[in-house]
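This structure is in structure tokens; I'll ask about it shortly.
Starting from 1, each residue takes its place in the sequence as its number.
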Amino acid sequence: QRLIHNLSLVESSQMSTTEEEKMEVEVEAEEENLVDELRDCFEELEESLSEMTLATAPALCAKYQDILSNERSDDVATKIKEKSIYRLARLYSEHRDFDNVMTLLKNSNLFFSQIPKAKTAKIVRSILDIVSKTPDSLDVQVGLCEDVVQWCIAEKRTFLRHRIESKLASLYLSKKMGSKAMAIIVSLLRELKKLDDKQMLTEVHLLESRIHHILENIPKAKAALTAARTAANSIYVTPILQAELDQMCGILQCEERDTVTSYSYFLEAFEAYDTAKDSRAIDCLKYMCLSKVLGEHAADVPSILSSKNGVKYVGSAGLKAMAAVADAAKKKSLEEFEAAVAEHSNELNTDELISHHLEILHDQMLEANLLKIIHPFSCVEISHVAKLIKMDEAVVEKKLSQMILDRTFSGILEQGKGHLVVYDSAAEDKSFTHGSEIISNMENVVAALFARAKNMTSKSEVTIDDKDKKEDKDSKDNDSKDKDSSGTAEEKKVAGHKKQ
């Protein structure tokens with residue numbers, strides 16, 4: 001009976017499990033059918049994009065909105081909705097309908113509440129990246145980021161707000177609005193230090209260094225970069241972020257005229273960008289050429305461009321411009337240098353680091369050429385110098401006056417006659433400087449002797465006082481001894497009388 005009872009229980013449990021499995025299969029089939037309908041609708045919309053026109057675009061956008069408003073929340077539906085959001089963002093960006101991009105984010109609050117916050121952050125950042133690919137959309141990106149920051153504050157999404165504020169500060173930097181970017185960075189760093197988010201701290205400190213560099217505050221830029229590298233030492237740093245750090249180090253070293261160190265940093269950054277197939281590798285290659293030109297090693301530039309890694313980017317217009325500049329610097333020809341800069345102005349002037357240092361290089365070459373021209377003359381017409389150097393007379397006169405004031409050479413400008421009078425560089429008479437040094441040294445010696453004499457007098461007074469005190473002490477000791485001896489003699493007499 002027990003066996004029969006157990007067998008009946010087993011059979012009933014098996015029946016219940018099979019019924020449950022059937023129910024689950026039926027539910028899954030229903031879900032698959034529903035999801036398939038959603039997927040079919042999405043695929044049809046994707047196929048119809050090739051035939052889209054301005055008239056049919058609003059209807060397509062409305063259909064994508066219908067997909068987003070679907071109540072399904074399973075994994076497949078979530079992926080389809082995510083793709084629909086990206087597609088809508090691209091469509092709005094292509095038609096420059098940026099107001100609807102922000103409306104899209106606000107209308108997707110229900111969908112964002114059903115997915116993890118990390119995925120929401122990824123979707124928002126991806127939408128901003130899609131908008132950033134639209135040409136001439138810098139102002140739109142700034143406005144969109146400001147709206148997203150307010151949305152993050154309302155939805156209490158702190159970590160996403162930190163990311164968007166960092167993006168907003170970089171956009172302000174691109175617009176040359178350093179003060180606004182710095183205000184965001186200061187408040188952002190204060191919050192990140194409390195959270196101890198090393199990854200974000202590294203990125204924000206790097207951004208702070210770039211802002212200070214744009215504001216031409218090199219010491220603070222170096223301090224911010226040191227803070228970024230310190231934060232990066234305790235975490236895993238991606239190769240791209242490490243390349244950005246190396247590139248910034250190279251830029252700051254280049255600003256301090258340490259071309260050897262800057263070249264090594266640019267080389268490391270170039271190798272990382274090249275491995276990741278990042279377009280910034282071309283910029284680092286240009287900076288490597290610039291470091292060689294500034295270090296008076298322009299002859300090494302062709303070997304850099306013909307190296308194994310450099311050959312990949314030889315067709316770049318920026319590298320052609322740097323090759324032309326290096327060739328002119330190698331020949332020390334100011335005319336060829338100016339021709340190369342004028343020919344490739346679009347490539348050279350768009351980069352602030354290159355344009356700034358090329359101006360310095362132009363001044364150095366101009367001074368060297370002027371010194372070479374005026375060397376044989378004791379008196380020469382300024383117009384003749386301008387004719388020989390093939391430049392405007394006013395520019396040459398201004399540069400010569402600046403060189404005289406800087407004591408690059410000895411001479412005067414006779415503007416009434418339009419002459420430059422050059423004097424022989426006589427050895428500087430150092431008698432006055434030597435005499436003033438001797439007087440100052442004698443003053444120091446006399447002051448030292450006075451101090452020593454004062455110390456000696458004070459010591460002698462102290463020794464006299466010590467002697468007097470010692471004599472007084474000795475006399476007191478002798479008196480006490482005499483009293484003691486007399487006292488003992490009288491005691492002996494008394495003792496003897498008592499004995500008798």
Side-chain donor/acceptor of Thr408 to backbone N/O of Ile404, under 3.5 Å: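 Checking the backbone N and O of Ile404 against the side chain of Thr408, no donor-acceptor pair under 3.5 Å is found.
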Measuring from atom CG of Leu294 to atom CD1 of Ile354, what distance do you get when rounded to the nearest 0.5 angstrom?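 One gets 10.0 Å once the value is rounded to the nearest 0.5 Å.
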What closest approach, in Å, do Leu215 and Gly178 show between heavy atoms, and which atom pair accounts for it?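 Nearest heavy atoms, Leu215 then Gly178: CD2-CA, 4.2 Å.
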Can you check whether Phe111 reaches Ile85 side chain to side chain, under 4.5 Å on heavy atoms?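 They are in contact (side-chain heavy atoms under 4.5 Å apart), so the answer is yes.
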Between the side chains of Lys194 and Asp196, is the shortest nitrogen-to-carboxylate-oxygen separation below 4.0 Å, so that they form an ion pair?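 Salt bridge between Asp196 and Lys194, a charged N being under 4.0 Å from a carboxylate O: no.
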Are Val325 and His344 packed together at the side-chain level, in the sense that at least one heavy-atom pair is separated by less than 4.5 angstrom?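 No, side chains not in contact.
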Do NZ/NE/NH1/NH2 and the carboxylate oxygens of Glu203 and Arg163 come within less than 4.0 Å?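 Yes, this pair counts.
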So for atom NZ, which belongs to Lys312, do other residues, nucleotides or ligands contribute more than 12 heavy atoms lying within a distance under 6.0 Å?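 Check passes, neighbour count above 12.
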CD-SG distance between Glu271 and Cys284, expressed to the nearest 0.5 angstrom: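 It is 10.5 Å, given to the nearest 0.5 Å.
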Side chains of His297 and Asp300: does their closest heavy-atom pair fall under 4.5 Å?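 They are in side-chain contact.
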Can you list every pair that meets ring-ring contact (aromatic ring centres under 6.0 Å, His included) and has a residue in residues 185-229, with sequence neighbours left out?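 The answer is none; no pair qualifies.
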Between Glu82 and Lys122, does any NZ, NE, NH1 or NH2 come within less than 4.0 Å of an OD or OE carboxylate oxygen?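 Between Glu82 and Lys122 there is a salt bridge, with a charged N closer than 4.0 Å to a carboxylate O.
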Minimum-distance pair of heavy atoms, taken over all atoms of Cys254 and Ser262: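 It is N-CB, 3.7 Å.
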Test item: Thr103 side-chain N/O and Asp99 main-chain N/O as donor-acceptor pair under 3.5 Å: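 Confirmed, Thr103 side chain pairs with Asp99 backbone.
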Quick one: do Lys390 and Glu338 make a salt bridge, cutoff under 4.0 Å?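 No, no charged N to carboxylate O under 4.0 Å.
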So does Lys286 pair up with Asp283, basic N to acidic O under 4.0 Å?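 Salt bridge: yes.
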Taking the side chain as every heavy atom from C-beta outward, state whether Phe409 and Met403 have any pair of such atoms under 4.5 Å apart.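 Sidechains of Met403 and Phe409: in contact.
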Looking only at heavy atoms, what is the nearest atom pair of Ser355 and Asn349, with distance?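 Looking at all heavy atoms of both residues, the shortest contact is CB-CA, 4.1 Å.
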Is the count of non-hydrogen atoms from other residues, nucleotides or ligands lying under 6.0 Å from Arg96 atom CZ greater than 12?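 Correct, the count exceeds 12.
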Test item: Val140 and Val101 side chains (from C-beta on) under 4.5 Å apart, heavy atoms: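 A side-chain contact under 4.5 Å is absent here.
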Within the 3.5 Å criterion, strictly below it, is a donor on Tyr313 or Asp274 matched to an acceptor on the partner's side chain?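 Yes.
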Indicate yes or no: does Asp129 engage Arg125 in a salt bridge with an N to O separation below 4.0 Å.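 Salt bridge flag = no for Arg125 with Asp129.
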Taking the side chain as everything from C-beta on, heavy atoms only, tell me whether Glu155 gets closer than 4.5 Å to Asn109.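 The answer is yes, as the side chains (C-beta and beyond) meet within the 4.5 Å cut-off.
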Taking the basic N atoms (NZ, or NE/NH1/NH2) and the acidic carboxylate oxygens, is any pair closer than 4.0 Å for Glu256 and Lys222?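 A salt bridge links Glu256 with Lys222.
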Under a 4.0 Å N-O cut-off, is there an ion pair linking Arg161 with Glu191?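 Yes, charged N to carboxylate O under 4.0 Å.
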Residues Lys175, Asp139: salt bridge by 4.0 Å N-O rule: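 Result for this pair is yes, salt bridge flagged.
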For Glu393, is there an ion pair with Lys387 - N to carboxylate O distance below 4.0 angstrom?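 Looking at Glu393 together with Lys387, the answer is no, because their closest N to O distance does not fall below 4.0 Å.
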Answer yes or no: are there more than 12 heavy-atom neighbours, outside Gln114 itself, under 6.0 Å from its atom CD?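 Yes.
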Interatomic spacing from NZ in Lys167 to CG in Leu144 - rounded to 0.5 Å: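 Atom-to-atom, Lys167:NZ and Leu144:CG are 10.0 Å apart.
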For Thr230, does its backbone N or O pair with a side-chain atom of Ser234 as donor and acceptor, under 3.5 Å?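 It does not hold such a pair.
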Would you say NZ of Lys399 has more than 12 non-hydrogen atoms from neighbouring residues, nucleotides or ligands within 6.0 angstrom?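 Atom NZ in Lys399 is packed in, count exceeds 12.
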Ring pair (Phe, Tyr, Trp, His ring centres under 6.0 Å) with Tyr273: which residues, sequence neighbours excluded?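 With neighbours one apart ignored, the set is empty.
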When you look at CG of Asp75, are more than 12 heavy atoms from neighbouring residues, nucleotides or ligands closer to it than 6.0 Å?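 At most 12 heavy atoms, drawn from other residues, nucleotides or ligands, come within 6.0 Å of this atom.
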Side-chain heavy-atom pair Ile123, Ile115 within 4.5 angstrom cut-off: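 SC-SC contact between Ile123 and Ile115 confirmed.
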Can Lys372 and Glu367 be said to form a salt bridge (charged side-chain N to carboxylate O under 4.0 Å, His left out), step by step? CA-CA 9 Å; Lys372 186 178 179 182; Glu367 287 184 6; over 6 Å; no
Euclidean distance, Leu252 CG relative to Thr261 OG1, rounded to 0.5 Å: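 If I round to the nearest 0.5 Å, the distance is 12.0 Å.
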Search all heavy atoms of Ile235 against all heavy atoms of Thr202 and return the closest pair with its distance.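 Smallest interatomic distance, heavy atoms only, reads CD1-OG1, 3.9 Å.
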So, for Met365 and Ala329, which heavy atoms are closest and what is the spacing to 0.1 Å?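 Taking every non-hydrogen atom into account, CE-CA, 4.3 Å.
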Would you sort out whether Met322 and Leu285 count as a side-chain contact (heavy atoms from CB on, under 4.5 Å), showing the intermediate values? CA-CA 10 Å; Met322 290 306 300; Leu285 198 56; over 6 Å; no
Suppose the criterion is ring-ring contact (aromatic ring centres under 6.0 Å, His included): which pairs have a residue in residues 223-269, not counting sequence neighbours?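 Listed once each, the pairs are Phe266-Tyr287.
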Where do Gly318 and Glu347 come nearest, in terms of heavy atoms and distance?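 Nearest pair, atom of Gly318 first, then Glu347: N-CG, 3.9 Å.
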Applying side-chain contact (heavy atoms from CB on, under 4.5 Å), run through Met102 and Lys106 and close with a yes or a no. CA-CA 6 Å; Met102 194 60 219; Lys106 290 178 179 177; 3.9 Å; yes
